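Keep in mind the model is a prediction, meaning the values are calculated, not measured. Heads up: numbering here begins at 1 and tracks the sequence.
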Amino acid sequence: MSMDVTFLGTGAAYPSPTRGASAVVLRCEGECWLFDCGEGTQTQLMKSQLKAGRITKIFITHLHGDHFFGLPGLLCTISLQSGSVVSRQPIEIYGPVGLRDFIWRTMELSHTELVFPYVVHELVPTADQCPVEELRESAQMDEADSSPKGQGRTILLDAEENSYCLVDDEQFVVKAFRLFHRIPSFGFSVVEKKRTGKLSAQKLRDLGVPPGPAYGKLKNGISVVLDNGVTISPQDVLKKPMVGRKVCILGDCSGVVGDGGVKLCFEADLLIHEATLDDSQMDKAKEHGHSTPQMAATFAKLCRAKRLVLTHFSQRYKPTALAREGEADGITELKKQAESVLELQEVTLAEDFMVIGIPIKK
């Protein structure tokens, strides 16, 4: 099962000619999950190899404009491109309290009728995720929510797990964890469940299992009885289950809240972390609820992440290929700063339209 991540926007604050606003797509077997949807995301999608119509789930880390102002337009475009009649499952949207009302009001004010259903599931933040005055505003916004009720879940923190369970289906478990920022922000952990191991051809031959329907039954966990009366169970012929992959995507933050983030990101195959400013501006970054390469790498080291990708760069840091003379020094310095913490383990600097594959574990 193929799995990859495409960066549609890697810049902070606003879209520019060199970096789009925040947006990342996780693709697995053709289905696309979008993480954040800054202004211009739909245009970035059109320039990529991805198809907006394949998006089935959208996750918003926090309600700053550069992370979700592109959402209403994207939903409208998907609707226009879908034709007049669509038989599809609702698009599942996950994000902080206030997101449901924002989408509903936008659609109402613009007299937009989407041809497909959508459901908004809201995460309720805790008091320690941001300054007190910002949380108060968030609470007031929730009280004023006038959108239709019963549309999606209101998800509270699981105090024991220190996380929010968003998705738990046959293939994946998706959980959110708390981050500290100027307003409530979240990170997401996507874990692929273990998959049934492959059939051992040698064991099948040794046990006398004839090729045919019996193979399919054993692969699906069903025992079979041979013509000689011997019962063969799946564990007799299956190799070890294949361990699933883990991708973790963090929103804007100057740190995690509680131990949920470290637990969920432990040994992640891919950890995507913001690094808005370089280490020399760490105080400024923290003041605005952001991270530097050193801060991101320290978290990755704590989690024993296998690969760290930095993103959400201040627009002053141009991609190497697009930088003018002297401008590339800034972005390469970010890489050096992160790698110095990780004992020279390679760190990737995200660029728009970069695609990173996550191979199957063997």
Got [X] and [Y] here, is their nearest side-chain heavy-atom distance under 4.5 Å?
X: Ile60; Y: Phe186; answer: no
X: Leu34; Y: Leu74; answer: yes
X: Gln89; Y: Thr56; answer: no
X: His67; Y: His312; answer: yes
X: Tyr94; Y: Arg153; answer: yes
X: Leu226; Y: Pro210; answer: yes
X: Leu308; Y: Phe299; answer: no
X: Ser48; Y: Leu8; answer: yes

Within the side chain of [X], is there an N or O that forms a donor-acceptor pair under 3.5 Å with the backbone of [Y]?
X: Glu122; Y: Gly98; value: yes
X: Asp236; Y: Ser233; value: yes
X: Glu339; Y: Lys336; value: no
X: Lys219; Y: Gly197; value: yes
X: Gln315; Y: Gly11; value: no
X: Asp269; Y: Arg245; value: no
X: Lys203; Y: Lys239; value: no

Could you tell me if Glu274 and Thr276 have a donor-acceptor pair between their side chains, going purely by distance under 3.5 Å?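 A donor-acceptor contact under 3.5 Å links the two side chains.
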Ser22 versus Asp66, side-chain donor and acceptor atoms under 3.5 Å: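 Not at all, the side chains of Asp66 and Ser22 share no donor-acceptor pair under 3.5 Å.
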Can you name the closest pair of heavy atoms from [X] and [Y] and give their distance?
X: Pro131; Y: Arg182; answer: CD-O, 3.6 Å
X: Met1; Y: Cys28; answer: SD-SG, 3.2 Å
X: Ala275; Y: Thr292; answer: CB-C, 4.1 Å
X: Tyr14; Y: Ala21; answer: C-CB, 4.5 Å
X: Gln294; Y: Val341; answer: CG-CG2, 3.8 Å
X: Cys265; Y: Cys303; answer: O-CB, 3.5 Å

Residue pairs, two or more places apart or on separate chains, that pass salt bridge (charged side-chain N to carboxylate O under 4.0 Å, His left out) and touch residues 12-40: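 Listed by first then second residue: Asp4-Arg27.
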Going by ring-ring contact (aromatic ring centres under 6.0 Å, His included), name the pairs with one or both residues in residues 187-233, residues two or more places apart or in two chains.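 Only Phe35-Phe188, Phe59-Phe188 qualify under ring-ring contact (aromatic ring centres under 6.0 Å, His included).
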Applying the 4.5 Å side-chain criterion to the ILVMFWY set and letting contacts propagate, would [X] and [Y] be lumped into a single cluster?
X: Tyr164; Y: Leu179; value: no
X: Val124; Y: Val257; value: no
X: Val190; Y: Ile356; value: yes
X: Leu166; Y: Ile249; value: yes
X: Val247; Y: Val191; value: no

More than 12 heavy atoms of other groups within 6.0 Å of [X] [atom1]:
X: Glu267; atom1: CD; answer: yes
X: Asp227; atom1: CG; answer: no
X: Arg54; atom1: CZ; answer: no
X: Lys51; atom1: NZ; answer: no

Through direct or indirect side-chain contacts below 4.5 angstrom among Ile, Leu, Val, Met, Phe, Trp and Tyr, which residues connect to Val355?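 Grouped by the 4.5 Å side-chain rule, Val355 forms a cluster of one, so the answer is none.
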Kindly give the cluster partners of Met282, where membership spreads through any ILVMFWY side chain lying under 4.5 Å from a current member.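 Reading the cluster by chain and number, Met282 sits alongside Met295.
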Carboxylate-amine/guanidinium proximity below 4.0 Å for Asp158 and Lys175: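 Judged by the 4.0 Å cut-off on N to carboxylate O distance, Asp158 and Lys175 do not form a salt bridge.
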Answer yes or no: is there an ion pair linking Lys193 with Asp168, defined by an N-O contact shorter than 4.0 Å?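 Between Asp168 and Lys193 there is a salt bridge, with a charged N closer than 4.0 Å to a carboxylate O.
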Can you measure from [atom1] ([X]) to [atom2] ([Y]) and round to the nearest 0.5 angstrom?
X: Ile55; Y: Cys37; atom1: CD1; atom2: SG; answer: 7.5 Å
X: Ile78; Y: Leu45; atom1: CD1; atom2: CG; answer: 8.0 Å
X: Leu204; Y: Ile232; atom1: CG; atom2: CD1; answer: 9.0 Å
X: Leu80; Y: Leu75; atom1: CG; atom2: CG; answer: 11.0 Å
X: Tyr317; Y: Thr10; atom1: OH; atom2: OG1; answer: 13.5 Å
X: Leu334; Y: Asp278; atom1: CG; atom2: CG; answer: 6.0 Å

Checking side chain to side chain contact (heavy atoms under 4.5 Å, CB included) for the pair His273/Cys253: CA distance, chi angles, key distance, verdict? CA-CA 9 Å; His273 199 298; Cys253 66; 4.0 Å; yes
Who passes side chain to side chain donor-acceptor pair (under 3.5 Å) against Arg195, sequence neighbours left out?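 With neighbours one apart ignored, the set is Glu192.
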Go through Arg178 and Asp128 one step at a time and tell me if the salt bridge (Lys or Arg N to Asp or Glu O under 4.0 Å) criterion holds. CA-CA 9 Å; Arg178 297 172 295 159; Asp128 47 3; 3.2 Å; yes
Pairs under 3.5 angstrom only: tabulate donor-acceptor contacts from the side chains of residues 343-350 to other protein residues two or more places apart or in another chain.
from: Gln345; atom 1: NE2; to: Lys306; atom 2: O; distance (Å): 3.1
from: Thr348; atom 1: OG1; to: Arg307; atom 2: NE; distance (Å): 3.3
from: Thr348; atom 1: OG1; to: Arg307; atom 2: NH2; distance (Å): 3.1

Qualifying residue, where the test is side-chain contact (heavy atoms from CB on, under 4.5 Å) with Val5 and the options are Val25, Ile272, Val309: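 Going through the options one by one, the only one that passes is Ile272.
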Please name the residue in the list Val262, Leu264, Asp259 that meets the side-chain contact (heavy atoms from CB on, under 4.5 Å) test with Asn162.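 Result: among Val262, Leu264, Asp259, Asp259 is the only option passing the side-chain contact (heavy atoms from CB on, under 4.5 Å) with Asn162.
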Should Lys318 and Ile331 be marked as a side chain to side chain contact (heavy atoms under 4.5 Å, CB included) after you check the CA-CA gap, both sets of side-chain angles, and the distance that decides it? CA-CA 7 Å; Lys318 303 292 189 292; Ile331 194 69; over 6 Å; no
Should the ring pair His64 and His181 be called parallel, tilted or perpendicular, given that the plane angle runs from 0 to 90° and is split at 30 and 60?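 The arrangement is perpendicular - the two ring planes meet at more than 60°.
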Just do the side chain to side chain contact (heavy atoms under 4.5 Å, CB included) check on Phe353 and Gln49 with the steps written out, would you? CA-CA 9 Å; Phe353 308 113; Gln49 299 300 312; over 6 Å; no
Yes or no on side chain to side chain contact (heavy atoms under 4.5 Å, CB included) for Leu199 and Leu238, after CA distance, side-chain angles and deciding distance? CA-CA 5 Å; Leu199 289 169; Leu238 288 174; 3.4 Å; yes
